[in-house]
Amino acid sequence: MTTTVTNKATANINKILDTVLDAAPIGFLLVDSQGRIKHFNKHCEGLFGFTKKELLDKPIETLLPGQLRESHVGMRDNFITEPWPRMMGAGRELFAQRKDGSQFPIEIGLGPVEIEGEMYVTATVIDITEKQQHDAQKKARLEQSHYEELMQLSSPLLTVWKGIKVLPLVGTLDSIRTQDAMEKALTCMAEEQIRVLIVDITGVLTVDTMVSDHLIRMATAVRLMGGDCILTGISPEVARTVTQLGVDLSTLHTRATLADGLALGIKVIETGRGF
Amino acid sequence: MDKIEIRDEHDVVLARTAARDVAGAQGFSVMAKTRIATAVSELARNVFLHGDGGYMEYEVLREGNKIGIHCRFVDQGPGIPNIEQAMQDGFSSIATLGHGLPGARRLVDDFKIHSEPGRGVRVEIIKWN
Amino acid sequence: MQSIPVLKIGPVLLVSIQTELHDSLAVNLQDTILYKIRDTRARAVLIDITAMEIVDSFIARILSETTQMASVMDARVVLVGMRPAVTMTLVDMGMTLPGIDTAINIEAGLFKLGYELCAIRQDGHAVREPALMETVDGQD
Ligand SMILES: Nc1ncnc2c1ncn2[C@@H]1O[C@H](COP(=O)(O)OP(=O)(O)OP(=O)(O)O)[C@@H](O)[C@H]1O
Ligand SMILES: [Mg+2]
């Protein structure tokens, strides 16, 4: 797919093209088959910091970081032998170099043209510094909100009855997460004067001695604050491992299901006497 | 470093309220503030109860954007003959609960204890917010 | 000498600790509570520690001892309003105060003891006459 411009048309079109290209907010360059810069628009001057004089007839490699220059010569020969439009360096981060030596990330589109029997390559250049910064910020924001979501997910406190909160624990319980959940639950109990905290461990992957220890600590803290803690969602597997590990959960009030735990919690609230 | 003499039970209160106030002024979380103040209370009490009195020195630490409190407790008392034993949960030479030393260690981020028999005890703790 | 007021509301003693407790003040408070139980024949003691920012092992020990001593004198102690940070600090230290009765606030504490705040008559006796109350009336 090669564009041919006839001799006659050239003169007229050149003027119009120059005006149009100079107005474009992207960099535009025309390079001959030897890699020399034959033409470029205004935007390029600002982009690279070179004047028209300094750049005209210079090799295109002038605009590349030093370490890329040599390999680029080979690459542009390849392009001439397989000339079709494409984005350069697909999937790689590309950098250009300004006159002052500083580098910036770019996106480049290449297209072959034939003018008066000569092969040329047009290159459009976009500075993506801001886009990259924007993307990075967006990514960071996303990650932050994912993290916050996860932290909340790990310890959402649900009100199910006046004076009763449910803390469903899911996934793997490490010290930091349990500590965090515990602080949140206790603070909430104090602020909202919650009497009963139901800790549901249906979604907890493994209950070993460490997790049991965390749960016992949590129940102890709730009791010291004047509340009652009910542990629910205890599967047969958990009951078995806990017993075989020799963990003493007798200080905790346990129920197999959340529903049973809730029933117990409501009874505690209504009698007001605690366990 | 600021210094507080620890001679009696009132000084224990002085030491722990100082720790609480410094932590509060440095923007410590309520949790961290309570932990450091409680650890200070335990160690200051040991100074006056077991160590025949001594002093506490304290300062604010900054590392990058971390803020911490460093406290040092020094006494010239009888010292602790067996530190390992004293650091165990439930060991006490005066038939109390013996939660002071091991408890204080769990409340702070850094805990160092040094004692030479007959020449007193020196405990250093750091709590980061 | 500084001391902490112990109020009597019907058969319940109410202690609200509002000052920094140094050791002898704490020991002193224990004495006051025990004597007051004997002198007033109180059946229950509510100790309100909402204002306490620091409870170390010494104070915790005094509180738990007081509970046991009161129980020997047939009075039930309920510890009220322990702050979350205090709670977690005690748990970290391994001071779990086994056997101590607790409540989230004074109202819940009274409720736990069988007294409803709103139902206490002018003379200090509960309208709702729970089991605890009857015994006290019998003694009076
Ligand atoms: N500064 C000190 N000088 C000498 N001995 C000490 C000192 N601090 C601690 N010890 C010894 O270590 C033991 C353990 O101290 P720890 O604070 O853990 O318990 P405790 O003071 O006996 O009881 P608690 O602190 O629970 O009221 C003490 O009984 C005492 O023998
Ligand atoms: Mg001690």
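Residue numbers begin at 1 in each chain, while the letters A, B, ... track the order of the sequences.
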Task: Where at least one partner belongs to residues 204-223 of chain A, residue pairs that pass salt bridge (charged side-chain N to carboxylate O under 4.0 Å, His left out), sequence neighbours excluded - done: A:Arg217-C:Asp92

Task: Whether over 12 other heavy atoms sit under 6.0 Å from A:Glu70 CD - done: no

Open item on the list: Looking at every heavy atom in both A:Arg195 and C:Ala108, which two are closest together, and how far apart are they?
Closed with: CD-CB, 4.2 Å

Task: Per-residue contact mode, A:Met218 against chain C (heavy atom under 4.5 angstrom) - done: neither

TODO: Evaluate the side-chain proximity of C:Ile104 to A:Ile194: yes if any heavy-atom separation is below 4.5 Å, no if none is.
DONE: no

Task: Between C:Val86, C:Val80, C:Leu79, C:Val91, the one whose heavy-atom pairs under 4.5 Å with chain A are most numerous - done: C:Val91

- [ ] Could you grab the distance from atom OG1 of C:Thr87 to atom CE of A:Met182, nearest 0.5 Å is fine?
- [x] 8.5 Å

Open item on the list: Between A:Val222, A:Thr187, A:Leu224, A:Thr220, who has the most heavy-atom pairs with chain C when the cutoff is under 4.5 Å?
Closed with: A:Leu224

Task: Check: C:Pro84 and A:Met225 side chains under 4.5 Å, non-hydrogen atoms - done: yes

Open item on the list: I'd like to know whether CZ of A:Phe95 has more than 12 heavy-atom contacts from other residues, nucleotides or ligands below 6.0 angstrom.
Closed with: yes

TODO: Apply side-chain contact (heavy atoms from CB on, under 4.5 Å) to C:Thr89 and list each qualifying residue two or more places apart in sequence or on a separate chain.
DONE: B:Met31, B:Thr34, B:Arg35, B:Thr38, B:Leu107

TODO: Go through the atoms of C:Ile100 and report whether side chain, backbone, both or neither lie under 4.5 Å from a heavy atom of chain A.
DONE: both

Task: Side chain to side chain, A:Gln179 and C:Met88, heavy atoms closer than 4.5 Å - done: yes

